Undergrad: 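Once you've had a glance at the structure underneath, I'll fire off some questions.
This is a predicted model, so every value here is computed, not measured. Counting begins at 1 with the first residue of the sequence.
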Amino acid sequence: MFHLDTGRLWVCLLLLGFIGFSLPKAEGRSRKPNVVLILTDDQDVAMGGMTPLKKTKELIADQGITFSNAYVASALCCPSRSSILTGRYPHNHHVINNTIEGNCSSKAWQKTQEPYAFPALLHSIGYQTFFAGKYLNQYGSEDSGGVDHVPPGWNYWFALEKNSKYYNYTLSENGKARNHGDNYSLDYLTDVLANVSLDFLNYKSNYQPFFMMISTPAPHSPWIAAPQYEKTFPNVTAPRGGNFNVHGKDKHWLIRQAKSPMSNSSIQFLDNAFRKRWQTLLSVDDLIEKLLKQLEAHGELDNTFIFFTSDNGYHTGQFSLPIDKRQLYEFDLKVPLLVRGPGIQHNQISKSLVANIDLGPTILDIAGYDLNKTQMDGMSFLPLMKNNSNVNWRTDILIEYQGEGLNKSDPACPAMGPGVSQCFPDCVCEDAINNTYACVRTIAAAHDLQYCEFDDLEVRNVQFSIW
């Protein structure tokens, strides 16, 4: 019996109505390069986060360049994603956390930052623009204008309401709400993003360059793997490196408050989370394989730059902190960054210091946009990818974070007092109102260090180790 996927049909009709019927393939046609940005959610690189992505390594890293020193300007979803979109540090785009009060997808953000985000600038010079997946953590909330809001510059908009989920979520399809349930074949979000991306490639105009941003929920909690991957990695546990389950006695107070050694239940919990995170990434690997096959089938692959990265890293037991991000150490700040595209030699590794604020300038540079017309803090690393020996590259970047804390004590952890948040049952808290810091990360020929200052009562100017 023929099964009609009404959700997929609806997407195709939207694309046909908005973009027009498919035109002939683009072989041999001269035009600006296309760009695809694939963004994962909470994927580390320091703790082995790339290990499950065998196809991604083969299809992107082996065919292009890997940046081994790629960092985020802030180790938290909404500030980091805002930096990607604007090319600006958090102190300039003013998103400080994942709340509306912290300016995450607020109406002020929509008015002052979205019109100047790099996708809007691409659209202004003739690029077709496509978004699918998680945008900003508060996108779609009532206080941010609901799912009716479509940021300027996007031709096709397929955005998740609020934070990452795998089932039972709402998408904004060009400003119209569409609810999804818990049927794997119809609703598993990573696969839905893959399908709508393939549909876009089938129905887009072939006479304009395109930009696609695909933002997956994986490997963010709640860590729900596709059914076929639920039993993979049965013996995998979180890495037992030198800082695993070790008291951070020389770190700032929030790290020192962690209980060490961790309880058996905490270790079991984080090991299970680590394994499930890897399981969710297998569907991302499938998405990338399908996407590149489709690009090749349409004759677009050789004229397309493909970026793969994450919004922040993650920790699982380092310094006896169970699971989270937000901290100023490599496991939370360092992310994967792989790029393939025209003119990029295969199997390159660059040790140059790059940051997520550089993604927008680099993509605009690829498109031929005059970067002097922007107010971005980042730099284009296109010359690094093209092996330009004359490029004078930076040695320092800024890292910043403004901590979050509750105004009252957590009833489960009264001894911690007010001002903490993200507390686990054994009263280890991952954040606090004065977990607020600014750092300079330096990577140069003679230096590999990070200098940080905290806004807390421990008056110290300290050069912190990076691990």
Side-chain angles (χ1 to χ4, degrees), residues 39 41-42 72-120 131-154 157-165 168-179 189 213 215 217 220-222 311-312 324-326 332 356-357 360 400-408 410 418-423 429-438 455:
L39 179 67
D41 196 351
D42 284 3
V72 295
S74 188
L76 187 63
C77 299
C78 203
S80 178
R81 288 165 180 265
S82 301
S83 286
I84 291 171
L85 291 164
T86 64
R88 309 180 82 187
Y89 284 116
H91 69 266
N92 284 330
H93 61 58
H94 306 298
V95 177
I96 59 173
N97 57 43
N98 289 340
T99 68
I100 285 286
E101 295 77 14
N103 208 29
C104 179
S105 200
S106 69
K107 291 186 177 179
W109 154 268
Q110 293 169 14
K111 181 178 179 180
T112 62
Q113 302 296 325
E114 281 186 339
Y116 309 102
F118 81 85
F131 182 87
K134 175 180 171 179
Y135 181 55
L136 300 173
N137 295 56
Q138 293 299 324
Y139 172 77
S141 65
E142 184 177 350
D143 289 339
S144 69
V147 297
D148 294 350
H149 173 69
V150 177
W154 293 102
W157 182 251
F158 196 76
L160 177 67
E161 179 188 42
K162 298 184 181 178
N163 206 2
S164 284
K165 293 183 178 180
N168 299 307
Y169 53 85
T170 298
L171 293 172
S172 170
E173 295 185 355
N174 288 337
K176 304 295 183 182
R178 184 171 181 82
N179 298 321
L189 182 55
M213 184 170 179
S215 180
H220 196 284
S221 62
D311 58 359
N312 50 254
D324 199 37
K325 50 265 187 174
R326 296 178 170 84
D332 286 0
N356 59 350
I357 58 169
E400 51 191 288
Y401 179 68
Q402 184 163 326
E404 293 180 78
L406 303 175
N407 293 327
K408 57 184 179 180
D410 187 327
V420 295
S421 63
Q422 311 296 321
C423 297
C429 300
E430 296 273 7
D431 204 6
I433 192 67
N434 60 354
N435 183 39
T436 297
Y437 55 80
D455 183 14

Undergrad: Tell me every residue that passes side chain to side chain donor-acceptor pair (under 3.5 Å) with Ser221, counting only those two or more places apart in sequence or in another chain.
TA: none

Undergrad: With sequence neighbours excluded, what pairs up with Asn98 under the side chain to side chain donor-acceptor pair (under 3.5 Å) test?
TA: none

Undergrad: Sorted by first residue and then second, give each ring-ring contact (aromatic ring centres under 6.0 Å, His included) pair with at least one member in residues 90-116; sequence neighbours left out.
TA: Tyr89-His91

Undergrad: For Cys78, what residues pass the disulfide (SG to SG under 2.5 Å) criterion, not counting sequence neighbours?
TA: Cys104

Undergrad: Restricting to salt bridge (Lys or Arg N to Asp or Glu O under 4.0 Å), what partner residues turn up for Asp410, sequence neighbours left out?
TA: none

Undergrad: Is it the case that the side chains of Ser83 and Ser80 hold a donor-acceptor pair, with the cut-off being a distance below 3.5 Å and no angle test?
TA: no

Undergrad: Are Asn163 and Lys134 close enough that a side-chain donor and a side-chain acceptor fall under 3.5 Å?
TA: yes

Undergrad: Just to verify, which of Leu76, Val72, Asp311 counts as forming a side-chain contact (heavy atoms from CB on, under 4.5 Å) with Lys325?
TA: Leu76

Undergrad: Is there a donor-acceptor contact under 3.5 Å linking the side chains of Arg326 and Tyr401?
TA: yes

Undergrad: Less than 6.0 angstrom separating the ring centers of Trp154 and Tyr135, yes or no?
TA: no

Undergrad: Assess the side chains of Ser172 and Arg178: does a donor N or O sit below 3.5 Å from an acceptor N or O?
TA: no

Undergrad: Going by atom types alone, do Asn97 and Thr99 pair a side-chain donor with an acceptor below 3.5 Å?
TA: yes

Undergrad: Residues two or more places apart in sequence or in another chain: which of them pass salt bridge (Lys or Arg N to Asp or Glu O under 4.0 Å) with Asp332?
TA: none

